[in-house]
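Okay, structure first, notes after.
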Amino acid sequence: MSEQSQKCPKLDRNHSPKYEQIFSKAIIDPFPGSFTINDANGRIVWWNAYYRDVILGLPESELAGYEAMKVFHPDDRALAFEKMSNILAHGVEETAEGRVLLHGGPEYQWRMLSGSRIMIEGEPFVVAIGIEITERKRFEAINTFRLNLLDRAETSSVETLLRATLEEAERLTESRIGFCHFTGDDQLTLSRQVLSGKMYRQFQAVEEEPAHPPLNTPELWADALLNRSPVVLNNNAGLRHLFKLPAGHPDIQRTLVVPVMRGDTVQAIVGVAEKPYDYDDNDVRLVGTLADFAWDIVARKRAELSEQKIQEVLLQAQKMELIGQLAGGIAHDFNNMLGVILGNVELAMLHPALDQSLQNNLKMILKAVERSAELTTQLLAFSRKQAVMPVVLDLNTMVERMLSMLRGLVGDQITLVWIPESHNTPVKIDPVQIDLILGNLTVNARDAITGSGKISIETRNISVDKQACAAGHPCKLPGEYVMLVLTDTGSGIAKKDLPHIFEPFFTTKEKDQGAGMGLSTVYGIIKQNKGFIDCQSEPGQGTAFNIYLPKHRGYADPDDSSVPLPSESRGKETVLIVEDEPDILSLCKLMLENNGYAVLTASTPLEAIRITRQYAEKIHILMTDVIMPEMNGCELARKLQLIRPDIKTLYMSGYTSDIIAQEGVLEEGVGFISKPFSLSALTKKVDELLSGEG
């Protein structure tokens with residue numbers, strides 16, 4: 001409604017019965033929603049029947065001067081006040097979504113509210129209209145949750161998925177309790193129960209096991225089982241007279257349970273309880289929708305787990321954080337320093353007048369730097385979150401590079417035996433993931449050995465055919481595999497624990513001696529790389545882990561330092577280097593210029609943007625550090641692509657940060673190189689990127 005310039009009489013419901021009848025009855029009251037006019041102090045001076053009867057539920061005599069803010073949910077009042085103040089001060093129209101209490105609460109509706117200012121005799125008023133959008137908000141919430149649950153389905157356990165569903169049902173129905181009960185074969189007994197996170201945490205502090213009434217308890221859940229229909233109890237006198245609830249369990253005054261049906265069978269009941277006001281048909285539909293959708297995922301996962309004989313499978317593992325973000329930041333600076341040393345040593349070794357003695361000294365420095373860089377990378381593998389960067393490598397070579405560190409992990413009393421396959425063992429995997437697999441399995445094997453013992457690491461090339469897969473071979477798909485076997489002479493794993501060893505946070509170690517994420521990390525890595533893992537163990541007889549990774553065809557070692565650089569420098573391409581560390585910036589410039597590239601340099605992202613706009617010729621590659629002041633490298637790359645859409649990006653970093661993982665540096669036209677890097681690695685990466693291979 002636009003601001004009125006003409007003079008109008010002040011709003012007064014007693015001012016003119018004629019106007020009241022015309023406007024209120026003919027226009028305002030039939031409006032399918034709320035209508036109010038509020039004065040500058042936030043008090044209601046005009047309203048319609050909907051607002052009076054549905055929103056406030058007060059008699060006509062009590063509405064004049066009612067504070068408009070009181071109808072809003074406490075969590076939404078600040079937003080409503082801000083919108084109203086803006087309307088009054090600036091005359092703008094505002095639209096917002098918020099919760100409006102019904103009859104003073106706690107029940108509420110979601111409403112879409114629109115407000116505008118009118119001037120009457122020089123005084124400002126706010127005209128507000130609102131329509132109910134509760135069902136739309138619930139639909140949006142359910143759809144968002146559905147997509148979220150689908151995303152989590154592959155990497156979460158059955159219990160985790162159900163708990164998330166119960167917590168969403170609690171939130172959307174304003175309940176304090178959420179529960180799910182699996183039915184037994186007789187449809188009357190409880191085979192398993194899952195509680196919402198809030199209830200689960202409450203019972204963790206109670207010694208008594210959380211128990212619930214039998215599923216055929218009268219007045220409670222029997223109708224859900226017998227009639228296959230939802231049950232709503234809004235007038236319970238409490239459950240304690242029906243069943244002895246465990247200590248700490250709240251009294252239940254209101255309950256809603258929904259049977260989960262598949263065919264004619266009730267497979268579970270899902271329920272919520274203790275809503276501040278009565279449950280209604282909307283709550284029944286909401287809980288039923290959530291339960292049915294979640295159960296489809298749960299049923300599929302239970303079938304998968306039954307086939308694999310593992311109760312809960314982690315398909316994509318989280319990495320153990322043994323060092324944390326602090327170590328990552330320190331290593332970033334450390335790798336920068338190593339990069340300066342490495343680059344300068346390599347450039348010095350190219351000097352034609354260098355005598356042999358000095359050449360040997362520089363080689364020793366170079367070897368020490370490379371070893372330091374390897375150790376830093378191996379340590380960071382336990383703490384950093386990274387974008388997976390698979391490359392083709394020889395598994396034997398990777399294990400051999402790790403042996404020194406692994407021997408340091410196991411100590412002097414344990415013998416580490418290495419039995420490599422005599423032929424090439426090519427696989428395509430992120431080298432950091434190999435570090436994680438070997439590190440976690442070796443630490444577990446070490447901890448299982450008391451006193452002296454032996455750990456063996458072996459590689460083999462094997463072929464698995466269809467008959468072997470059908471007969472129960474760990475590899476579910478036929479093909480060629482590289483097998484990594486790690487065995488120990490430790491205490492072994494108890495039979496009851498063996499099905500759970502890949503579950504996150506499951507551990508048989510003493511408290512504070514293990515987080516239970518090591519084997520779940522290994523399991524997730526293997527599955528991520530389309531491999532398989534099998535564990536064989538007997539108490540007192542040791543343990544063997546058999547890992548099967550798909551054998552890669554067309555093998556070539558990308559880390560082979562003997563691979564020569566391109567015979568001819570390109571000499572025509574321009575690289576823009578952005579690095580806030582001066583020594584690294586100048587070193588990279590020198591490296592690329594020595595190989596025929598034209599190089600532009602910038603020490604800040606803003607300087608890089610200015611250069612990009614002013615430089616007349618084509619810039620082929622942006623080579624940028626990831627962590628910088630002003631903005632990170634990913635943000636800089638996006639800005640430069642708006643100026644030069646065909647520019648390619650090469651990220652460099654001392655560690656792979658969360659930013660890289662989130663932004664996805666491995667898409668087409670984007671490359672990544674870890675600091676510290678050698679002259680050959682840099683020129684090779686730039687050449688690959690320009691050729692469309694990096």
Side-chain angles (χ1 to χ4, degrees), residues 371 374-375 377-378 381 391-465 468 473-475 479-493 498 501-502 518-519 521-523 525-526 529-553 555-557 559-560:
R371 178 58 182 152
E374 287 179 7
L375 289 173
T377 300
Q378 290 165 353
V391 296
V392 180
L393 52 83
D394 185 74
L395 189 57
N396 282 346
T397 303
M398 287 300 300
V399 175
E400 287 167 359
R401 291 179 181 178
M402 286 279 293
L403 287 177
S404 178
M405 190 190 78
L406 295 178
R407 289 193 170 100
L409 282 176
V410 302
D412 296 334
Q413 287 188 295
I414 299 175
T415 302
L416 184 63
V417 179
W418 165 227
I419 309 171
E421 162 71 46
S422 58
H423 297 89
N424 284 339
T425 52
V427 293
K428 188 171 185 178
I429 190 171
D430 190 326
V432 171
Q433 293 182 320
I434 294 294
D435 297 344
L436 279 169
I437 292 171
L438 289 171
N440 280 312
L441 292 181
T442 302
V443 168
N444 277 1
R446 178 201 66 190
D447 293 344
I449 297 173
T450 302
S452 60
K454 184 174 75 171
I455 298 174
S456 299
I457 302 176
E458 182 179 359
T459 54
R460 306 175 200 159
N461 288 320
I462 68 165
S463 178
V464 180
D465 56 24
H473 193 280
C475 295
E480 301 292 323
Y481 293 89
V482 176
M483 186 176 179
L484 174 65
V485 183
L486 192 143
T487 59
D488 65 65
T489 58
S491 57
I493 301 172
L498 200 56
I501 60 174
F502 296 118
L519 290 179
T521 297
V522 172
Y523 186 92
I525 291 172
I526 301 305
N529 288 280
K530 298 180 174 57
F532 302 92
I533 184 170
D534 175 53
C535 178
Q536 300 172 357
S537 183
E538 291 288 341
Q541 302 298 316
T543 302
F545 284 94
N546 302 318
I547 295 171
Y548 306 86
L549 294 171
K551 189 173 183 179
H552 187 78
R553 299 286 183 179
Y555 170 74
D557 187 353
D559 295 326
D560 189 353

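Heavy atoms only: backbone and side chains are in, while hydrogens, waters and symmetry mates are out.
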Worksheet item: So do L498 and C535 actually touch side chain to side chain, heavy atoms under 4.5 Å?
Response: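 Yes; the side chains approach each other to less than 4.5 Å.
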Discussion item. Using side-chain heavy atoms (C-beta onward) and a distance below 4.5 Å, is P420 in contact with V399?
Written reply: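 No. Closest side-chain heavy atoms not under 4.5 Å.
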So, taking the atom named [atom1] in [X] and the one named [atom2] in [Y], what distance separates them when rounded to the nearest 0.5 Å?
X	Y	atom1	atom2	answer
I434	L549	CD1	CG	6.0 Å
D488	L441	CG	CG	9.5 Å
K551	N424	NZ	CG	8.0 Å
L416	I457	CG	CD1	4.5 Å
T425	M483	OG1	CE	13.5 Å
R401	D394	CZ	CG	9.5 Å

List the atom of [X], the atom of [Y], and the distance in Å for their closest heavy-atom pair.
X	Y	answer
G439	M402	N-CE, 4.4 Å
S537	T543	OG-OG1, 2.9 Å
P550	V427	O-CG1, 3.8 Å
G451	Q413	O-CB, 3.9 Å
Y481	G479	CD1-O, 3.4 Å
V464	I462	CG2-CD1, 3.9 Å

Worksheet item: If you draw a 6.0 Å radius around CD in E538, do more than 12 non-hydrogen atoms from other residues or ligands fall strictly inside?
Response: no
Response to the item:
Residues passing the side-chain contact (heavy atoms from CB on, under 4.5 Å) test with T489, sequence neighbours excluded, are I449, K454
Worksheet, complete the sentence: Those residues at least two apart in sequence (or on a different chain) that pass side-chain contact (heavy atoms from CB on, under 4.5 Å) with Q536 are D534, N546
Worksheet entry | Ring centres under 6.0 angstrom apart (Y548, H473) |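 Ring-ring flag for Y548/H473: true, centres closer than 6.0 Å.
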Item to complete: Quickly, which of I437, L436, V443 forms a side chain to side chain contact (heavy atoms under 4.5 Å, CB included) with N440? Name it, please.
Response: L436
Worksheet item: Are the side chain of E421 and the backbone of N461 linked by a donor-acceptor contact shorter than 3.5 Å?
Response: yes
